[in-house]
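Written out below as structure tokens is the structure these notes cover.
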Amino acid sequence: MAEENCSHIEGITIVKQPEKHECEDCLKIGGQWVHLRTCQSCGTTRCCDTSPNQHATKHARATGHPVIASAEPREQWLYCYSDDAFAEY
Ligand SMILES: [Zn+2]
Ligand SMILES: [Zn+2]
Ligand SMILES: [Zn+2]
């Protein structure tokens, strides 16, 4: 981990991978997503900020879960909302 300013990302030793490549909130409302992100606190997967509903960000704000990982194949990075920190792994 190259990130120095975020204790949340530093504390992650095993990156949670998505169980399903679906946004669980979009499924409920029939929404569509662009990219998917996996919450590193609870392991759930939701859609990115490019998606119309931005469920990953809404989940982070609602729950206080700070760190997401990209759920996209071939992408290996983490992002912390509370510190606006980004790290590749
Ligand atoms: Zn952080
Ligand atoms: Zn969504
Ligand atoms: Zn969560």
Side-chain angles (χ1 to χ4, degrees):
M1 297 288 170
E3 182 55 52
E4 58 234 40
N5 296 319
C6 171
S7 58
H8 309 103
I9 289 176
E10 279 175 8
I12 291 173
T13 50
I14 298 169
V15 176
K16 289 186 171 68
Q17 299 297 321
E19 290 180 18
K20 295 178 185 170
H21 278 269
E22 300 169 337
C23 171
E24 62 178 59
D25 289 343
C26 281
L27 285 180
K28 288 176 197 156
I29 61 170
Q32 296 195 316
W33 58 83
V34 180
H35 298 123
L36 293 168
R37 309 293 180 233
T38 299
C39 175
Q40 294 300 296
S41 298
C42 61
T44 54
T45 298
R46 290 181 174 79
C47 55
C48 70
D49 283 357
T50 312
S51 309
N53 294 298
Q54 304 183 349
H55 283 128
T57 296
K58 285 179 185 162
H59 172 75
R61 290 216 183 103
T63 59
H65 294 167
V67 180
I68 53 164
S70 175
E72 297 301 310
R74 297 180 299 282
E75 287 186 15
Q76 295 195 310
W77 54 261
L78 299 161
Y79 177 74
C80 175
Y81 286 99
S82 39
D83 295 306
D84 192 25
F86 178 89
E88 291 186 286
Y89 65 89

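Whatever order the structure lists them in is the order used to number ligands and atoms, beginning at 1. Values below: all heavy atoms of this structure, side chains included; hydrogens, waters and symmetry mates excluded.
The minimum distance between the Zn ion (ligand 1) and any N, O or S atom of D83 involves atom OD2. Take the N/O/S atoms of H65: the one nearest the Zn ion (ligand 3) is ND1. The N, O or S atom of H8 with the smallest distance to the Zn ion (ligand 1) is ND1.
Side-chain rings of Y89 and W77 stay apart, their centers remaining 6.0 Å or farther from each other.
One finds the OH atom of Y81 at 13.5 Å from the NE2 atom of H8 (value rounded to the nearest 0.5 Å). Atom OG of S70 sits about 8.5 Å away from atom CG of L36, to the nearest 0.5 Å.
The angle subtended at the Zn ion (ligand 1) by SG of C6 and SG of C80 is 110°, given to the nearest 10°. At the Zn ion (ligand 3), the angle from NE2 in H59 to SG in C42 is 110° when rounded to 10°. For the pair ND1 of H55 and SG of C26, the angle whose vertex sits at the Zn ion (ligand 2) is 110° to 10 degrees.
Looking at every heavy atom in both residues, P66 comes nearest to S41 through CD-OG, 3.7 Å.
Residues satisfying the ring pair (Phe, Tyr, Trp, His ring centres under 6.0 Å) test with H65, not counting sequence neighbours, are H59.
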